[in-house]
Amino acid sequence: MPELPEVESLRSLLDNSVVGRTIVGGRIGKKPLRRHVTRDFIADVKGHRIERIARRAKYLLIELSGGLVIVAHLGMSGSLTHRDGNAGSFGLDPAHDHAEFALDDGSRLVFNDPRRFGILRLMARERLSTLKELEALGPEPLGAEFSADYLAGKAHGRKVAVKNLLMDQRIVAGIGNIYASEILFRAGVRPTRRSGRVTRAEIERIARAVPAVLGEAIEGRGTTFRNYLDSRGEPGRFASKLLVYDREGEPCVQCSTPLRKVVVGQRASFYCAKCQR
DNA sequence: CAGATAACCTGCGTGC
DNA sequence: TGCACGCAGGTTATCT
């Protein structure tokens with residue numbers, strides 16, 4: 001579920017709440033995630049201090065003392081909540097709490113993921129760059145490396161729909177299904193357009209829309225479409241700012257034409273047939 | 001190689 | 001009310 005803005009909001013919140021805390025215990029659930037969580041995970045992190053919270057694309061990186069790092073991916077339905085001593089479960093089903101880290105101030109970090117598409121693994125920080133999942137990622141969409149020139153180069157000669165290109169983590173890392181639709185609406189380009197046929201001017205509009213939309217979403221602490229919760233158990237505020245996603249049939253905010261829904265690469269996509277060409 | 005598709009898993013809304 | 005079905009914010013293995 002979470003795309004870059006949700007993970008970045010999570011990173012920011014945790015950076016202000018758990019850095020400096022030491023992991024004193026915890027537990028790992030029995031059910032496997034997308035990748036199996038090692039049985040001795042808790043024993044390995046116990047006694048280590050949380051030094052910094054970083055992010056790469058949709059991956060959250062919890063850097064620990066002793067050169068360790070916890071790599072977390074929330075998949076489609078994951079959340080990582082920080083609960084103080086007497087906090088409840090934020091409405092999350094405890095049956096899907098797959099990992100729990102007890103901190104030295106009595107609070108807990110809980111990894112909950114009903115669909116279990118998430119990832120939780122521990123590794124040496126120096127080996128992070130060798131992690132297959134991270135190695136294959138393209139540039140950060142909010143970084144200097146991502147530009148109109150870069151995108152034009154990647155789109156050149158490609159037949160894949162431009163929406164799929166934006167969601168391809170090897171091209172640019174962090175954009176998912178919701179923001180891809182929002183970005184293309186902002187850029188005035190239909191999601192179904194073949195990448196290689198998108199004009200230079202359109203590529204430039206897309207390249208500008210990418211950081212603009214993601215940046216605004218981060219300011220709103222992400223989007224809660226169904227049930228995503230941030231580390232405090234609160235929904236993101238950007239959902240009300242979505243202009244096209246999940247708004248089939250509703251009037252376009254710019255021209256009032258009813259918005260359309262089309263499936264592109266097996267994923268629902270929303271657009272305005274008049275504003276987007 | 002690029003591109004398309006199925007699969008992983010659970011919950012929830014919809015329509016009969 | 002119950003049930004079958006479709007769909008969900010992601011990634012990846014496996015086809016053509």
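Lettering of chains follows the sequences in order, A, B, ..., and the numbering in each one begins at 1.
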Figure out the [atom1]/[atom2] separation between [X] and [N], and round it to whole Å.
| X | N | atom1 | atom2 | answer |
| --- | --- | --- | --- | --- |
| A:Asp246 | B:dG13 | CG | P | 13 Å |
| A:Phe117 | C:dG9 | CZ | C1' | 12 Å |
| A:Asn164 | C:dT11 | CG | P | 13 Å |
| A:Lys241 | C:dG9 | NZ | P | 21 Å |
| A:Leu120 | C:dG10 | CG | P | 19 Å |
| A:Leu33 | C:dT11 | CG | P | 15 Å |
| A:Asp93 | B:dG11 | CG | C1' | 10 Å |
| A:Leu166 | C:dG9 | CG | C1' | 16 Å |

- Message: Is the ring pair A:Phe101/A:Phe41 parallel, tilted or perpendicular, if the boundaries are 30 and 60 degrees?
- Response: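 The arrangement is tilted - the two ring planes meet at 30° to 60°.
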- Using distance alone, with no hydrogens and no angle criterion, decide if A:Asp113 and A:Ser77 have a side-chain donor and acceptor under 3.5 Å apart.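 Short answer, yes.
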- Message: Side chains of A:Asp149 and A:Ser147: any donor to acceptor distance under 3.5 Å?
- Response: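 Absent: no donor and acceptor within the cut-off.
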- Query: Which is true for A:Gln266 with a 4.0 Å heavy-atom rule: it touches a base, it touches only sugar-phosphate, or it touches nothing?
  - Reply: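 Answer is base: heavy atoms of A:Gln266 come under 4.0 Å of a base.
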- Task: Please work out if A:Arg194 contacts a base, only the sugar-phosphate, or nothing of the nucleic acid, heavy-atom cut-off 4.0 Å.
- Result: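 Since no nucleic acid heavy atom lies under 4.0 Å of A:Arg194, the category is nothing.
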- Query: Does A:Arg115 get its side chain close enough to the base of C:dA8, under 3.5 Å, for a donor-acceptor pair?
  - Reply: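 Check passes, donor-acceptor contact within cut-off.
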- Task: Using only heavy-atom distances, decide whether a donor-acceptor pair under 3.5 angstrom links the side-chain of A:Arg116 to the base of B:dC9.
- Result: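 There is none.
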- Tell me the partner of B:dC9, counting only Watson-Crick (N1-N3 plus N6-O4 or O6-N4) or G-U wobble (N1-O2 and O6-N3) with both under 3.5 Å; none if nothing fits.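 Pair assignment: B:dC9 / none.
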- Find the partner of C:dG9: check Watson-Crick (N1-N3 plus N6-O4 or O6-N4) and G-U wobble (N1-O2, O6-N3) distances, both under 3.5 Å, and reply none if neither fits.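 Matched C:dG9 with nothing under the 3.5 Å cut-off.
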Between [N] and [X], is there an OP1 or OP2 to side-chain N/O distance shorter than 4.0 Å?
| X | N | result |
| --- | --- | --- |
| A:Lys58 | C:dG9 | no |
| A:Arg170 | C:dT11 | no |
| A:Lys159 | B:dA4 | no |
| A:His96 | B:dG11 | yes |
| A:Arg158 | B:dG3 | yes |

- Query: With nearest nucleotides of DNA chain C determined for A:Arg267 and A:Tyr59 from heavy-atom distances, which residue corresponds to the more 5′ nucleotide?
  - Reply: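 Here A:Arg267 is the residue nearer the 5' end.
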Side chain of [X] only, heavy atoms from C-beta on: which candidate in [options] is closest?
| X | options | result |
| --- | --- | --- |
| A:Glu133 | C:dT12, B:dG11, C:dG9 | C:dT12 |
| A:Lys261 | B:dG11, C:dA8, C:dG9 | C:dA8 |
| A:Val160 | C:dG9, B:dA4, B:dG11 | B:dA4 |

- When rounded to the nearest 0.5 angstrom, what is the spacing between OG1 in A:Thr38 and CZ in A:Arg121?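 Answer rounded to 0.5 Å: 8.5 Å.
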- Message: Applying side chain to side chain donor-acceptor pair (under 3.5 Å) to A:Arg190 and A:Thr192, what does each step give before you reach the verdict?
- Response: CA-CA 5 Å; A:Arg190 288 194 192 190; A:Thr192 48; 5.9 Å; no
- With rounding to whole Å, what would you report as the distance between C:dG9 and B:dG3 at their P atoms?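 Looking at atom P only, C:dG9 and B:dG3 are 22 Å apart.
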- Message: Can you check the distance between B:dC9 and C:dT14, where both ends of the measurement are the P atom (answer in whole Å)?
- Response: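 That atom pair is separated by 15 Å.
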- Query: Within the stacking criterion (centroid distance below 5.5 Å, interplanar angle below 30°), does A:Tyr228 stack on C:dG9?
  - Reply: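 One would not call A:Tyr228 stacked on the C:dG9 base.
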- Is it true that a side-chain atom of A:Glu3 and a backbone atom of A:Lys58 form a donor plus acceptor pair closer than 3.5 Å?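 The answer is no, because no donor-acceptor pair under 3.5 Å joins these two groups.
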